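Throughout, protein chains are lettered first and strands after them, A, B, ... in sequence-line order, and every chain is numbered starting at 1. None of the values given here were measured: they were computed from a predicted structure.
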Amino acid sequence: MGILVLPSVTTNLYNSSNSYTHSKAKINNDQNIRRDTDIISLLQQNRKNLKHVESIHGRAIKKGTEQDSFVVFELVRIYCKLKSIDHATKLFHSTHNPNVYLYTSLIDGFVSFGSYSAAIGLYGQMGHNNVLPDSYVVTSVLKACVLQPALRCGREVHGQVLKSGLGLDRSVALKLIELYGKCDEVEDARKVFDKIPERDVVARTVMMASYFDHGMVEEAIEVFNGLKTQDTVCWTAMIDGLVRNGELNRGLEMFREMQVKGVEPNEVTFVCVLSACSQLGALELSRWIHMYMHKCNVKFNQIVVGALINMYSRCGDIDEAQLLFDDMKVKDVSSYNSMICGLALHGMSTEAIELFREMLKQGISPNSITFVGVLNACSHGGLVELGFEIFQSMETLHGIKPHIEHHGCMVDILGRVGRLEEAYNFIERMGAQHVDDKMLCALLSSCKIHRNSEVGEQVAKRLSECSKMDSGSYIMLSNFYASLGRWNFAAEFREKMEKGGILKEPGCSSIEVNNVIHEFLSGDLKHHERRSIYQKLEELNYLTKLEGYSPATEVALHDIDDKQKELALAVHSERLAISYGLISTEPHTTLRVVKNLRICDDCHAMIKLIAKITSRKIVVRDRNRFHHFENGHCSCKDYW
DNA sequence: TAGCGAATAC
């Protein structure tokens, strides 16, 4: 039995006129003859005020026109728009024989209210009541299927539309592409796309987004290139897709190309571009984009400013982020989240927690992202007890069930300060669904830092049993066993990784000098100034050793002798980037380096000394957080 | 004589 009951339909949906001629369907047009135009125009004038609408509704009842299908239609729509879904539902159910327009309006209402199952249920009920569907109502129910997501229902609707001999309406087709895309059925999405007679810019944008969602970058580009002219939305979808797939520079190139073609970017475009900038950590470029936004008369709404705050904090300029935040007239939970997460990223734990408290004072309810930021702040600041207090308050005070990320934060909080048994017990107490490889990896890293092999081995065992191990997990396991001197285990995980065809993500650091981003891999020899870079590095090695630096050779993993290990450490990508920064910028200029992986202990110790010797501020963003090095110290206070 | 389209941050 199907989930949905629909009458067979003989009209052609593609032409979209609903002829109401089918013999089995009840024809509910009798009330349609009357139309209370006075009430309708009154409703339209007062549609923003619930009280007024209610009183006009009362007037219609007095006049006896409350069953006029046009009046009911208008009322249901307005009630839904005013978020009064109860009014709308009640009215709908008191209406005799609601027609397809009325069903559509309430289904839409349920969708905008987030009640997707209710929307799908109502559509099924429409079938039971033999009301003929049309392309509008099908589009509406498919919207619910997309958002739920409900693949089976969506397929059933698709099947029924096809079986009924209808041509495929274009809006229906667009929603089907979206549905299949969202439900990992990209091939089906493509089949629907290929059936659309006119594959215009909108259809292509939907298809592109589906491809991008599944990492099919080249396929998306092909769809994009199939268009003669692309509009702002299509370009934006392109930039967004590239950025989401980690193709940051390509995304920025597209942004430039868009300008060359004379297509104007809008707020959404900039939000995508800012995301690329923030991931790259390119501060100069970001500042330029920010200025350019003013030139383009961008509306600085909350999402845009949130993106700017995020961009400045991720590019290392937390002060600018703070200024933007302070200037915001209206701050919502997302604005606070951006700022709290930014402060946490910079290890400004006290400030992050203060801001969280201020937010509560302002009566703004925190959401699950707020707690990720706040707990991260606790972790970076070594604030164990406060972390626990806040973690517990999530459910008791704010009614938010902790997710896996929050549990991860707690494990981190305990791990960083060396309370490893407690961290492990915390994991043990959680259900398996709350434990993931990331969490175990982080704890194993803490075990390694605190040299606790006992807990470490238990964690390592659990991690190696994890089904979703990525290159980071293998490397972590290998590093852990190497740090214990158990080379055979270390080698075993390396081998497993190679055999599984899993590639190690190479360490990569970048630094922006004169608006150009210079990237360095570990031991990189490709840079045109490599000679001077390595010369500087040698000098730094010598000077830092005089200051007491001694290479922590156990962090280098391979089973090689100490001299070789020292060499492997000496050319870590962040050191190359810093050396290049030192030779290519004026004295006292702050150096900002972005690294894709976590910084190692050895580089951390050495950079502290480099900052001291050269009297430079050095800001390093690693995968986890910011490190501000100055005069021999790091802002992370060696917790990271 | 009524109602559908694509891209947004933490």
Side-chain angles (χ1 to χ4, degrees), chain A residues 13 16 18 29 32-37 40 43-44 68-77 80 99-109 111 134-143 169-175 177-178 181 196 200-210 212-213 223-224 230-244 265-276 278-279 301-311 313-314 321 332-345 366-374 376 405:
Chain A
L13 275 190
S16 183
N18 212 7
N29 288 12
N32 294 358
I33 299 157
R34 273 180 300 142
R35 185 187 186 188
D36 194 335
T37 46
I40 289 165
L43 280 171
Q44 281 163 354
D68 173 342
S69 76
F70 289 88
V71 169
V72 185
F73 173 75
E74 210 56 49
L75 273 167
V76 168
R77 261 165 49 97
C80 289
N99 63 19
V100 68
Y101 293 99
L102 205 53
Y103 273 101
T104 312
S105 58
L106 190 58
I107 289 172
D108 274 336
V111 170
D134 63 7
S135 66
Y136 288 85
V137 77
V138 171
T139 306
S140 295
V141 76
L142 285 176
K143 258 187 247 172
D169 174 82
R170 116 172 235 89
S171 291
V172 171
L174 294 180
K175 278 284 159 256
I177 298 173
E178 214 182 318
I196 302 179
D200 67 359
V201 65
V202 178
R204 283 180 188 268
T205 307
V206 178
M207 192 62 233
M208 272 165 56
S210 289
F212 276 128
D213 283 345
V223 172
F224 180 81
Q230 297 97 343
D231 63 5
T232 301
V233 177
C234 191
W235 275 102
T236 305
M238 187 69 200
I239 295 168
D240 171 54
L242 287 169
V243 174
R244 274 192 292 130
N266 63 14
E267 285 80 44
V268 184
T269 321
F270 279 110
V271 169
C272 301
V273 171
L274 292 176
S275 167
S278 73
Q279 289 181 61
N301 63 30
Q302 284 170 340
I303 296 183
V304 173
V305 180
L308 279 167
I309 291 173
N310 177 44
M311 183 266 291
S313 52
R314 289 186 61 96
D332 64 3
V333 57
S334 306
S335 325
Y336 277 95
N337 287 352
S338 301
M339 197 63 225
I340 289 172
C341 291
L343 290 166
L345 194 66
N367 60 22
S368 117
I369 298 164
T370 319
F371 286 103
V372 174
V374 178
N376 260 325
E405 305 96 293

Starting at [atom1] of [X] and ending at [atom2] of [N], how long is that distance when rounded to a whole Å?
X: A:I107; N: B:dA2; atom1: CD1; atom2: P; answer: 19 Å
X: A:I239; N: B:dA9; atom1: CD1; atom2: P; answer: 13 Å
X: A:L345; N: B:dA9; atom1: CG; atom2: P; answer: 17 Å
X: A:N266; N: B:dA6; atom1: CG; atom2: C1'; answer: 12 Å
X: A:D68; N: B:dT1; atom1: CG; atom2: P; answer: 15 Å
X: A:D240; N: B:dA7; atom1: CG; atom2: P; answer: 9 Å
X: A:N310; N: B:dT8; atom1: CG; atom2: C1'; answer: 12 Å
X: A:I309; N: B:dT8; atom1: CD1; atom2: C1'; answer: 15 Å

Nucleotide nearest [X] when distance is taken to its side chain, options [options]:
X: A:I369; options: B:dA2, B:dC10, B:dC4; value: B:dC10
X: A:T236; options: B:dA7, B:dG3, B:dT1; value: B:dA7
X: A:V201; options: B:dC4, B:dA6, B:dA2; value: B:dA6
X: A:A307; options: B:dC4, B:dA9, B:dA6; value: B:dA9
X: A:S69; options: B:dC4, B:dA2, B:dA6; value: B:dA2
X: A:R170; options: B:dG5, B:dC10, B:dG3; value: B:dG5
X: A:V268; options: B:dA6, B:dA2, B:dT8; value: B:dT8
X: A:I303; options: B:dC4, B:dA9, B:dC10; value: B:dA9
X: A:R77; options: B:dT1, B:dC10, B:dG3; value: B:dG3

What I want to check is whether an N or O donor and acceptor connect the side chain of [X] with the base of [N] at under 3.5 Å.
X: A:D134; N: B:dG3; answer: yes
X: A:T104; N: B:dG3; answer: yes
X: A:S275; N: B:dA9; answer: no
X: A:T139; N: B:dC4; answer: yes

Review point. Ring of A:Y101 versus six-membered ring of B:dA2: centres under 5.5 Å and planes under 30°?
Key: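 One would call A:Y101 stacked on the B:dA2 base.
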
Review point. Has A:F73 got its ring stacked on B:dA2, by the test of a centre gap below 5.5 Å and a plane angle below 30°?
Key: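 Given the distance and angle limits, no, they do not stack.
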
How is [X] classified with respect to the nucleic acid when contacts are heavy atoms under 4.0 Å: base, sugar-phosphate, or nothing?
X: A:D200; result: base
X: A:V233; result: base
X: A:D231; result: base
X: A:S140; result: nothing

4.5 Å side-chain heavy-atom contact, [X] and [Y]:
X: A:F371; Y: A:E405; answer: no
X: A:S210; Y: A:I177; answer: yes
X: A:M311; Y: A:L308; answer: yes

Exercise for review: First locate atom CG of A:L75, then atom CD1 of A:I40, and finally report the distance between them rounded to the nearest 0.5 Å.
Suggested key: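 Here the rounded value is 9.0 Å.
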
Under a plain distance cut-off of 3.5 Å, with no hydrogens placed, do [Y] and [X] share a side-chain donor-acceptor pair?
X: A:N266; Y: A:T269; answer: yes
X: A:N310; Y: A:S338; answer: no
X: A:S105; Y: A:D108; answer: no

